[in-house]
**Q** 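The structure's right below; bear with me while I get my questions together.
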Amino acid sequence: MREPLTKLVYFAWVRERIGKPEEEVSLPSTVETVADLLRWLKARGEEYENALQYPDVIRVAINHEHVDHREKIADAREIALFPPMTGG
Amino acid sequence: MREPLTKLVYFAWVRERIGKPEEEVSLPSTVETVADLLRWLKARGEEYENALQYPDVIRVAINHEHVDHREKIADAREIALFPPMTGG
Amino acid sequence: MPAGVAPIVRIQAEDFDIAAEIGRLTEGRADVGAVVTFSGLCRDEAGTLAALELEHYPGMAEAEIARIAEEALGRWPLTGLTAIHRFGKIAPGENIVLVVAASAHRQAAFEAASFLMDYLKSRAPFWKKEHRVDGSEGNWVDAKEADDQAAARWKSSR
Amino acid sequence: MPAGVAPIVRIQAEDFDIAAEIGRLTEGRADVGAVVTFSGLCRDEAGTLAALELEHYPGMAEAEIARIAEEALGRWPLTGLTAIHRFGKIAPGENIVLVVAASAHRQAAFEAASFLMDYLKSRAPFWKKEHRVDGSEGNWVDAKEADDQAAARWKSSR
């Protein structure tokens with residue numbers, strides 16, 4: 001059984017467009033993969049729609065590790081959404 | 001017409017085997033190329049024979065620039081003979 | 001790979017001291033023949049950029065760079081490997097990132113440093129926002145296709 | 001290639017200061033995005049080597065390294081390039097050679113530094129003699145086939 005709350009963290013322009021650096025959400029059981037999560041979030045309001053307009057460019061990490069959009073989020077403690085990285 | 005004296009300089013084990021760091025020599029007109037010079041030097045005595053036993057491994061520079069053994073030595077002010085380099 | 005080489009990874013706001021970081025990998029030992037450093041600096045983009053603001057993902061940034069460093073230690077015979085990445089506001093001319101790779105031989109040091117930088121660029125969770133000299137709202141720097149390609153070349157090379 | 005970049009080439013007995021040499025290529029400017037340094041150090045060969053003695057060809061050594069550096073400046077868009085080679089007796093753990101390459105972009109800095117080192121190894125008129133810990137007559141270090149191959153790879157790559 002999934003923990004009731006999942007921590008979501010946002011960075012760079014994803015953070016700016018959603019308007020907050022992090023939040024805790026209660027995910028419905030229909031949200032099984034990263035792709036499901038992005039679709040579900042996008043429907044939560046204009047700021048999410050704006051941040052996640054092109055889901056393909058959004059990079060995702062679960063528990064501090066990069067994952068692709070097909071990854072299951074079953075035991076995620078923390079899921080991060082961010083644009084492609086520009087460090088170095 | 002060739003200058004009467006040509007300066008020869010030696011490095012590393014070429015210098016050690018010949019037994020001196022440099023000398024001035026009067027080259028006969030039959031010595032036209034680097035290969036001719038190596039043959040001529042080799043006949044000058046045991047120490048030269050010892051240093052130049054395998055002429056193919058000897059590297060040569062004329063006036064501070066690498067040359068190959070076919071190079072003419074016509075206007076050489078200084079000719080250097082040395083083993084393959086091991087700097088860096 | 002020499003046993004027991006642990007990478008040094010630091011994420012910090014303050015500048016780093018390249019000579020000190022080289023010393024950390026070389027002092028008191030005589031088995032290091034080659035040290036390659038890479039430092040990345042903030043450019044002013046022909047005078048238009050006032051500063052870069054570097055945002056990072058605390059916790060993951062350190063973990064991800066450590067994973068990349070371990071991968072490098074597995075691929076090349078290194079005697080030491082250091083990666084330091086700064087965050088916060090950085091002015092043109094200042095340092096952003098440092099990589100130091102030490103080895104008995106130069107090829108390993110060059111390749112490991114280059115590999116680490118390519119992967120830092122495309123996998124370390126850092127993002128750069130521009131502050132413009134004219135005071136206009138800065139843009140987030142776009143990821144470069146070239147950086148992904150640079151990282152990808154290490155996949156086929158061995 | 002940025003106009004007017006003159007390589008810095010020095011042949012010297014004394015040690016060099018890497019941080020100072022980096023500073024020489026970066027201070028007071030904001031167009032440098034990447035600095036790669038290579039330092040080559042004397043190894044003790046598992047405790048058997050007491051020192052290396054580096055002989056060089058004065059005059060030609062400087063001229064030849066300058067020629068190699070000019071070649072690098074012609075091939076990569078560098079903002080600065082430095083090569084320092086020591087001569088004389090050098091103990092294990094000490095520096096032998098330093099290359100610093102600065103550019104707007106990291107690939108150019110990495111490639112130019114690697115190129116310069118490969119050519120230094122195979123073309124700069126320096127020779128290393130070993131002094132052994134056991135006091136036996138040292139040998140002249142043999143040139144490595146691998147170093148010639150390393151230099152040759154730059155001929156086909158562009």
Side-chain angles (χ1 to χ4, degrees), chain C residues 16-23 25-51 79 91-107 109-111 113-118 120-121 144 146-147 149-150 153, chain D residues 16-23 25-51 79 91-107 109-111 113-118 120-121 144 146-147 149-150 153:
Chain C
F16 43 76
D17 177 338
I18 298 176
E21 297 306 330
I22 293 174
L25 302 191
T26 56
E27 265 159 35
R29 57 195 300 173
D31 59 341
V32 180
V35 178
V36 170
T37 74
F38 174 89
S39 30
L41 294 87
C42 177
R43 285 179 292 135
D44 69 357
E45 307 296 350
T48 63
L49 189 86
T79 57
E94 281 188 55
N95 289 315
I96 297 173
V97 62
L98 175 69
V99 161
V100 187
S103 175
H105 303 289
R106 75 185 185 287
Q107 206 60 29
F110 268 119
E111 289 186 11
S114 179
F115 168 90
L116 203 59
M117 277 310 304
D118 286 344
L120 274 176
K121 286 259 173 194
K144 291 199 199 85
D147 287 331
Q149 287 165 0
R153 77 196 160 107
Chain D
F16 43 77
D17 177 338
I18 299 177
E21 298 305 331
I22 293 173
L25 302 190
T26 56
E27 266 159 35
R29 57 195 298 173
D31 59 340
V32 179
V35 178
V36 170
T37 74
F38 174 89
S39 30
L41 294 86
C42 177
R43 286 179 292 134
D44 69 357
E45 307 296 349
T48 62
L49 189 85
T79 57
E94 281 188 55
N95 289 314
I96 298 173
V97 62
L98 175 69
V99 161
V100 187
S103 174
H105 302 290
R106 75 185 185 286
Q107 207 59 32
F110 268 119
E111 289 186 10
S114 181
F115 167 91
L116 202 59
M117 277 310 305
D118 285 344
L120 274 176
K121 286 259 173 195
K144 291 199 200 86
D147 287 330
Q149 287 165 0
R153 76 196 160 107

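Chain letters run A, B, ... following the sequence lines, proteins first and then strands; every chain starts at 1. Just so it is clear, the values below take in all heavy atoms, side chains as well, and ignore hydrogens, waters and symmetry mates. A quick note: this is a predicted structure, and the numbers were derived from the prediction, not measured.
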**Q** Atom CD1 of D/Ile22 and atom OG1 of C/Thr37: how far apart are they, to the nearest 0.5 Å?
**A** 5.0 Å

**Q** I need the residue from C/Cys42, C/Ala113, C/Ala109 with the largest number of non-hydrogen atom pairs under 4.5 Å to chain D.
**A** C/Ala113

**Q** Most heavy-atom pairs under 4.5 angstrom with chain C, which of D/Ala19, D/Ser39, D/Ala46?
**A** D/Ser39

**Q** Tell me, side chain or backbone of D/Gln107 under 4.5 Å from chain C's heavy atoms, or both, or neither?
**A** side chain

**Q** If I measure from the heavy atoms of chain C, does D/Asp118 come under 4.5 Å with its side chain, its backbone, both, or neither?
**A** both

**Q** Quick one: which of D/Arg29, D/Lys121, D/Glu94, D/Glu45 has the most heavy-atom pairs under 4.5 Å with chain C, could you say?
**A** D/Lys121

**Q** If you compare all heavy atoms of D/Ala30 against all heavy atoms of C/Gly93, which two are closest, and at what distance to 0.1 Å?
**A** CB-N, 4.2 Å

**Q** Counting heavy-atom pairs closer than 4.5 Å to chain C, which one of D/Gly40, D/Pro92, D/Gly33 comes out on top?
**A** D/Gly33

**Q** Mind checking whether C/Arg106 and D/Asp147 have side chains closer than 4.5 Å, heavy atoms only?
**A** yes

**Q** Measure distances from D/Ala20 to the heavy atoms of chain C and classify the residue's part below 4.5 Å as side chain, backbone, both or neither.
**A** neither

**Q** Please look at C/Ala104 and chain D and tell me whether the side chain, the backbone, both or neither of the residue comes under 4.5 angstrom of a heavy atom of that chain.
**A** both

**Q** Under the rule for side chain to side chain donor-acceptor pair (under 3.5 Å), what residues qualify as partners of C/Ser114, not counting sequence neighbours?
**A** C/Arg153

**Q** Please look at D/Ala150 and chain C and tell me whether the side chain, the backbone, both or neither of the residue comes under 4.5 angstrom of a heavy atom of that chain.
**A** side chain

**Q** Only pairs of heavy atoms separated by less than 4.5 Å count here; which of C/Asp44, C/Val36, C/Val35 has the most with chain D?
**A** C/Val35

**Q** Please classify the contact of D/Thr26 with chain C as side chain, backbone, both or neither, using a heavy-atom distance under 4.5 Å.
**A** side chain

**Q** Which atoms form the tightest heavy-atom contact between C/Leu41 and D/Val32, and what is the distance?
**A** CB-O, 3.4 Å

**Q** Measure across C/Phe38 and D/Ala34 and return the closest heavy-atom pair with its distance rounded to 0.1 Å.
**A** CE1-CB, 3.5 Å

